[in-house]
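First the structure, in the form of structure tokens, and then the observations on it.
Just so you know, ligand 1 is whichever comes first in the structure, and atom 1 is the first atom listed for that ligand.
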Amino acid sequence: MIVRSLRLRNFRNYENAYLEFGSGMNLITGRNAQGKTNLLESLVYLSLTRSHRISDEKQLIRSDMPFADILCRMEDDSERELHAIVHNRGKTLMINGTPVKKSSDFIGKLNVVLFAPDDLYIFNDQPRERRRIMNQEITKVSPQYLISLNQYQQLLKERNIILKQEQADERYLDVIDEKMADAETMIVSMRDEFVTAVNEHMGDLYRELSSDDIRVSLRYRCCVDNKSDLRASLLRMHKESRQKDIERRMTLNGIHREDLVFEINDINLIRTASQGQKRMTMLAFKMALLRYIRMKTGKKPVLLLDDVLSELDGSRQKKLLEMVREPYQCLITATEVPEEIRKGNYREFRIENGSVRDVSGGRK
Ligand SMILES: Nc1ncnc2c1ncn2[C@@H]1O[C@H](COP(=O)(O)OP(=O)(O)O)[C@@H](O)[C@H]1O
Ligand SMILES: [Mg+2]
């Protein structure tokens with residue numbers, strides 16, 4: 001898919017900006033704090049209906065303005081206009097001018113994969129953050145996954161309320177466990193498929209990009225061992241932990257306790273990896289995500305690289321650009337035009353304090 005144009009009104013430090021992107025390499029340059037990341041953030045917002053940086057969406061609205069407005073024209077099989085308005089009490093989402101009520105009907109229309117320096121925190125973060133990444137990526141290819149996830153969260157809340165009562169109603173717990181196992185069966189199989197698909201590429205991509213002969217992979221720390229009769233295993237897990245759940249007054253096992261572990265040669269990467277290896281592992285993961293999304297949806301996502309090229313040496317920059325330049329539309333931010341980009345065709349947009357200038361000239 002291709003993002004043809006983007007219009008921002010009162011979004012972050014943009015009062016009114018309009019950009020027309022090329023279908024290949026697009027470079028967004030500017031000094032620090034001019035609005036480069038803000039611009040990518042607006043596309044992430046259309047992709048996920050949330051920001052990757054903040055949860056309080058009021059911050060997206062330009063100071064002292066009533067709402068922020070993001071409008072993008074994109075193309076895959078057909079042309080489509082995605083429109084999000086963020087106001088003080090929520091948001092309005094529209095596709096081709098028609099309001100969309102459920103986020104799950106909006107997510108997945110524009111798929112982007114973003115790589116930003118902050119992504120490296122995910123290795124050391126709580127499992128919750130890694131689950132969030134996994135959920136986010138699977139949601140891009142399956143609205144049903146998000147629906148099951150929301151059902152599960154609701155059931156989990158109900159289950160925990162029962163467990164907090166003086167005398168837990170076990171017949172009610174039986175009913176909830178059945179429903180939870182239904183949602184979990186879907187979630188676990190999608191997570192399992194996700195990890196398998198990413199692993200098919202991530203190791204090779206790492207070696208190709210870094211020339212470092214180690215084996216990087218993902219491990220899915222699933223709440224059940226036996227995935228052959230998945231629903232029965234999940235149900236058994238909840239039954240077996242019920243007495244403990246009642247004692248501790250909360251649900252101790254389930255998909256809300258799972259984790260995704262990044263490994264180097266089968267050992268958790270946080271124990272041994274250098275900063276450079278972590279960066280390249282994250283990059284290989286993102287490149288594998290491009291393939292996963294493409295495989296599942298039949299459409300190529302748009303790649304967003306925020307301030308990452310300057311942290312790679314020349315040969316790695318070159319390999320990365322060779323890998324993505326042909327197949328994907330890329331939006332790359334940098335303070336200056338990186339040497340490796342200069343060698344090919346690209347569009348350049350210069351950002352200064354929230355205003356945009358297309359300085360591509362004859363290079364388009
Ligand atoms: N809601 C907002 N209203 C006005 N300005 C904002 C808002 N949110 C962020 N900014 C401004 O945006 C700038 C940071 O933009 P950012 O895209 O992160 O910069 P960079 O070009 O370094 O990536 C800062 O100057 C900040 O004050
Ligand atoms: Mg930035």
Side-chain angles (χ1 to χ4, degrees), residues 3 5-21 25-72 83-93 110 112-122 133 136 275 278-279 282-283 286 302-312 317 320-321 324 329-341 346-360:
V3 176
S5 69
L6 175 68
R7 191 195 70 191
L8 300 176
R9 285 187 178 158
N10 296 327
F11 178 84
R12 295 278 197 187
N13 64 336
Y14 291 92
E15 183 184 353
N16 193 347
Y18 179 74
L19 296 89
E20 282 183 1
F21 296 108
M25 186 63 66
N26 295 274
L27 196 67
I28 295 150
T29 54
R31 283 177 295 113
N32 274 336
Q34 301 303 306
K36 301 185 296 299
T37 302
N38 294 347
L39 201 150
L40 298 188
E41 184 183 32
S42 72
L43 290 172
V44 171
Y45 193 87
L46 292 181
S47 173
L48 301 173
T49 71
R50 60 190 295 281
S51 158
H52 65 292
R53 300 157 109 187
I54 43 111
S55 53
D56 175 16
E57 297 194 347
K58 285 197 274 299
Q59 293 177 42
L60 301 177
I61 306 172
R62 192 159 181 265
S63 311
D64 304 323
M65 289 295 153
F67 56 84
D69 184 325
I70 314 167
L71 178 76
C72 136
H83 194 175
I85 296 173
V86 186
H87 38 87
N88 274 330
R89 280 179 314 197
K91 60 188 139 219
T92 307
L93 304 169
L110 170 66
V112 303
V113 170
L114 166 75
F115 181 29
D118 279 356
D119 286 331
L120 300 189
Y121 290 121
I122 203 74
I133 296 293
Q136 175 183 301
Q275 194 62 11
K278 284 183 185 165
R279 185 176 301 119
M282 188 45 76
L283 185 58
K286 301 285 168 156
V302 177
L303 177 64
L304 312 180
L305 297 178
D306 193 11
D307 245 347
V308 289
L309 278 191
S310 62
E311 303 199 6
L312 303 178
Q317 276 189 25
L320 172 62
L321 291 171
V324 298
Q329 184 186 31
C330 305
L331 272 58
I332 297 181
T333 73
T335 42
E336 281 155 38
V337 184
E339 195 49 39
E340 287 301 326
I341 294 220
Y346 64 97
R347 270 193 201 191
E348 183 184 349
F349 302 89
R350 263 203 101 68
I351 312 280
E352 220 177 302
N353 194 16
S355 36
V356 183
R357 217 155 29 99
D358 185 336
V359 293
S360 315

Can you check whether Leu6 reaches Ser42 side chain to side chain, under 4.5 Å on heavy atoms? yes
Please enumerate all residues that pass side chain to side chain donor-acceptor pair (under 3.5 Å) together with Gln59, with sequence neighbours excluded. none
Do Arg62 and Asn16 have side-chain N/O donor and acceptor atoms under 3.5 Å apart? no
Would you find a donor on one side and an acceptor on the other, under 3.5 Å apart, between the side chain of Thr333 and the backbone of Asp307? yes
Just wondering, do Leu40 and Leu114 contact through their side chains at under 4.5 Å, heavy atoms? yes
Any donor-acceptor N/O pair, Ser5 side chain to Leu19 backbone, under 3.5 Å: no
Could you check Thr29, Thr37, Val356 and say which one makes a side chain to side chain contact (heavy atoms under 4.5 Å, CB included) with Ile351? Val356
For ligand 1, run through the N/O pairs with the protein that fall under 3.5 Å and put one pair on each line.
residue  : atom   : partner : partner atom : Å
ligand 1 : 1 (N)  : Gln59   : O            : 2.9
ligand 1 : 1 (N)  : Ile61   : O            : 2.8
ligand 1 : 3 (N)  : Arg12   : O            : 3.3
ligand 1 : 3 (N)  : Ser63   : N            : 3.2
ligand 1 : 3 (N)  : Ser63   : OG           : 3.2
ligand 1 : 8 (N)  : Arg12   : NH1          : 3.4
ligand 1 : 12 (O) : Asn38   : ND2          : 3.1
ligand 1 : 15 (O) : Asn38   : ND2          : 3.1
ligand 1 : 17 (O) : Lys36   : N            : 3.2
ligand 1 : 17 (O) : Thr37   : N            : 3.0
ligand 1 : 17 (O) : Asn38   : N            : 2.8
ligand 1 : 17 (O) : Asn38   : OD1          : 3.1
ligand 1 : 17 (O) : Asn38   : ND2          : 3.4
ligand 1 : 18 (O) : Arg53   : NH2          : 2.8
ligand 1 : 19 (O) : Gly35   : N            : 3.4
ligand 1 : 21 (O) : Gln34   : N            : 3.2
ligand 1 : 21 (O) : Gly35   : N            : 3.0
ligand 1 : 21 (O) : Lys36   : N            : 2.9
ligand 1 : 21 (O) : Lys36   : NZ           : 2.9
ligand 1 : 22 (O) : Ala33   : N            : 2.7
ligand 1 : 23 (O) : Thr37   : N            : 2.9
ligand 1 : 23 (O) : Thr37   : OG1          : 2.7
ligand 1 : 25 (O) : Ala33   : O            : 3.3

For residues 63-71, which side-chain donor-acceptor pairs fall under 3.5 Å, sequence neighbours excluded?
residue : atom : partner : partner atom : Å
Asp69   : OD1  : His83   : NE2          : 2.8
Asp69   : OD2  : His83   : NE2          : 3.4

Lys36 side chain to Gly30 main-chain N or O, any donor-acceptor pair under 3.5 Å? yes
Protein N/O/S atoms under 2.8 Å of the Mg ion (ligand 2)? Thr37 OG1
